[in-house]
Amino acid sequence: PEHQLFLQNKANMAGYAELIALDVTSSGDANISKVRYDIINIATGQSMGCEVDTSVEGGFEDVLMQIDGAMKGKAFCFVTDGSELLQYTYPTHATRNGITLVPYYGAYFDIRQELAKAYPDLSSASSLQDQLRALEIPETQEPASCKALVTAIKHLLGRGYVFSNPITSGQTAQTTKILRCRGLPFQAQEKDVRQFFKGCEIAKVLFRFNHHGRATGECFVTFQDEENAAKGMGFDRQTIGNRYIEVFPTTEEEETKKCAAHGQINIVKMRGLPFSATVDDIKRFFLPTEVADGDITIISVYGRNTGEAYVSFKNENDANCALQKHKSEMGNRYIELFRATMSEVQMQGLGGHAAPIAAMPGVSGSQYVIRLRGLPFQATEMDIAEFFSGCQIAQQGIHMVYNASDRPSGDAFVEMKGAEDIPKAVAKHRAMMGRRYVEVFESSQLEMQQAMCGFGAGSNMGGGGMGGMGMGMGMGMGMGMG
């Protein structure tokens, strides 16, 4: 009862008594065939809902009338999975059928964004199902029409989360100059994005990369003003090549958080070089963009060039200019260009041999390495430090592993200070972290190197911020502690 009273007070603060989980089945042209909805009472957590076949005559209007009748005189708001439903699908279907939607269809909460607000480490770009899996939340067993939505809503309500400040139709044009694009081809360049938004005035395009420096298929586009951003929203679900692109409003804060997490990626990989290509040839290839001799690494194996090179540029703008030369010719060969990372350069080294791991940023270089498997997806470096309480962890010694989609894989590597810490750590094999048992294995710098470059452990690496833990401390900030 006390918890319910707490929730009711929270609900009153937010101004809503009930939330409506709303979902549809529709074709690509916004032709709705089924509508599903569940009405959740914020104070009690109870829900009721149904599924309506709108393909029959009057079906869509019946849904509107049902909701209108059930909600008359009540303070409520819709909750959807993404913005497309109430920004595009519902209005388009209604207009096509000569129906005028009442104003309350112009406000809603995007459940993925709400989950990301409640759990800052949880990407709002993930699917709702992926978010629930990452939080280890089982789908509701109740007879709900929108099970995943209802599960997420009830989970947030259960932890006292307040749904406030909903998204409103037209909000984009009045409140932001920045749009986020998702679903881009991985080789998309700035010119492709500008062409996609043809007719809109764009100030800046910023691509997002994962922990390994790979393109995620997302970018942030800053327009000259809010009016151009509103115009840009009209390109939602249009295509680049054979891929449709999702476009939705965002903020400068989110842009900074998502794009700055892994630093600027200013290294370009070249493939297909003539075997006789020299540093001077590469410098001429990238003109008028200037490259210093020391910023070019030509890859060779046993003294023979492989046709690959890595070129480091001064800034993101120079790297973008360089990428415009993708498939340009050097001699009679066209050259492929890709974004790369410093870890790739370190792994390749000269002559095909890996550079010393200590030269790689964010790594201690200890030879005593442990690998973990089966971690909860929301596990943090702090959790791992506490798991190994009693062991000496090297400074900057905890490295989370991420998959190709930039999400936690459930694996991690931990560098220990000394040989005596290895048996202590391995003794934790199959110990519990949360509700999951964790497998612990002795590993090596080589295996960790390969994982850091995406070749081993099936994933990419990130982290390294924790470390320097002493006996029994279980936690630390990796800032010179030892």
Side-chain angles (χ1 to χ4, degrees), residues 1 3-25 32 34-52 60 62-91 94 101-119 122 124 126-129 131-132 135 137-169 171 248-249:
H3 182 60
Q4 289 184 354
L5 180 61
F6 169 74
L7 288 180
Q8 191 164 8
N9 289 336
K10 285 283 192 179
N12 291 336
M13 288 170 58
Y16 301 109
E18 293 178 303
L19 297 170
I20 301 180
L22 186 65
D23 190 22
V24 301
T25 299
I32 298 173
K34 286 185 180 178
V35 174
R36 294 172 291 279
Y37 69 89
D38 282 88
I39 301 172
I40 300 107
N41 185 287
I42 294 179
T44 66
Q46 294 180 338
S47 62
M48 59 81 66
C50 63
E51 180 175 282
V52 180
F60 187 64
D62 285 345
V63 176
L64 302 181
M65 291 173 64
Q66 286 176 23
I67 293 176
D68 190 58
M71 295 292 100
K72 192 173 292 292
K74 297 179 181 179
F76 71 96
C77 192
F78 292 102
V79 182
T80 64
D81 181 5
S83 293
E84 182 187 7
L85 177 57
L86 289 179
Q87 290 274 21
Y88 172 71
T89 306
Y90 243 60
L101 295 175
V102 292
Y104 55 65
Y105 282 97
Y108 62 95
F109 294 101
D110 179 344
I111 192 62
R112 280 178 281 155
Q113 291 187 21
E114 299 305 310
L115 283 168
K117 290 177 187 176
Y119 298 94
L122 194 66
S124 59
S126 303
S127 70
L128 176 55
Q129 287 72 21
Q131 287 182 319
L132 293 177
L135 294 171
I137 301 172
E139 195 170 89
T140 179
Q141 298 302 308
E142 301 175 25
S145 302
C146 312
K147 287 190 175 182
L149 271 170
V150 171
T151 297
I153 292 168
K154 289 188 174 182
H155 171 78
L156 289 174
L157 292 176
R159 68 191 300 269
Y161 182 80
V162 181
F163 286 80
S164 59
N165 301 319
I167 301 168
T168 59
S169 298
Q171 183 181 32
F248 44 96

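Basis for what follows: all heavy atoms, side chains included, without hydrogens, waters or symmetry-related copies.
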Give, for atom [atom1] of [X] and atom [atom2] of [Y], the distance between the pair rounded to the nearest 0.5 Å.
X: Ile20; Y: Lys74; atom1: CD1; atom2: NZ; value: 9.5 Å
X: Cys146; Y: Asp38; atom1: SG; atom2: CG; value: 4.5 Å
X: Glu114; Y: Phe163; atom1: CD; atom2: CZ; value: 5.5 Å

With Asp110 via salt bridge (charged side-chain N to carboxylate O under 4.0 Å, His left out) - residues at least two apart: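 Partners of Asp110 by the salt bridge (charged side-chain N to carboxylate O under 4.0 Å, His left out) criterion come out as none, since no residue qualifies.
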
Using a 4.5 Å cut-off on heavy atoms from C-beta on, say whether the side chain of [Y] contacts that of [X].
X: Ile167; Y: Gln113; answer: yes
X: Thr25; Y: Val35; answer: no
X: Ile42; Y: Glu18; answer: no
X: Tyr104; Y: Met71; answer: no
X: Leu86; Y: Leu101; answer: no

So, do Tyr108 and Tyr90 have ring centers that fall under 6.0 Å from each other?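 Aromatic pair excluded; centres sit 6.0 Å or further apart.
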
Establish, yes or no, whether a centroid distance under 6.0 Å links the rings of Phe78 and Phe109.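 Here the rings of Phe109 and Phe78 have centres that are no less than 6.0 Å from each other.
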
Of all heavy-atom pairs between [X] and [Y], which one has the smallest distance, and what is that distance?
X: Val24; Y: Arg36; result: O-NH2, 3.1 Å
X: Leu128; Y: Leu149; result: CD2-N, 3.9 Å
X: Leu85; Y: Pro91; result: O-CD, 4.0 Å

Parallel, tilted or perpendicular, as decided by the 30° and 60° cut-offs, for the rings of His155 and Tyr119: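 Ring orientation, 0 to 90° scale: parallel.
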
Taking only residues two or more places apart in sequence, or in another chain, which ones meet Gln46 in a side-chain hydrogen bond (donor to acceptor under 3.5 Å, both in side chains)?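 Per chain and number, Gln46 pairs via side-chain hydrogen bond (donor to acceptor under 3.5 Å, both in side chains) with no residue.
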
Residue pair Thr80, Asp23: steps toward the side chain to side chain contact (heavy atoms under 4.5 Å, CB included) verdict: CA-CA 7 Å; Thr80 64; Asp23 190 22; over 6 Å; no

Apply side-chain contact (heavy atoms from CB on, under 4.5 Å) to Met65 and list each qualifying residue two or more places apart in sequence or on a separate chain.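 Partners of Met65 under the side-chain contact (heavy atoms from CB on, under 4.5 Å) test: none.
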
Run the side chain to side chain contact (heavy atoms under 4.5 Å, CB included) test on Leu115 and Leu135 for me, step by step, so that the C-alpha distance in whole Å, both residues' side-chain angles and the decisive distance to 0.1 Å come before the verdict. CA-CA 10 Å; Leu115 283 168; Leu135 294 171; 4.2 Å; yes

Applying the side-chain contact (heavy atoms from CB on, under 4.5 Å) criterion to Ile111, which one of Leu19, Thr151, Val150, Val79 satisfies it?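 Only one of Leu19, Thr151, Val150, Val79 forms a side-chain contact (heavy atoms from CB on, under 4.5 Å) with Ile111, namely Val79.
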
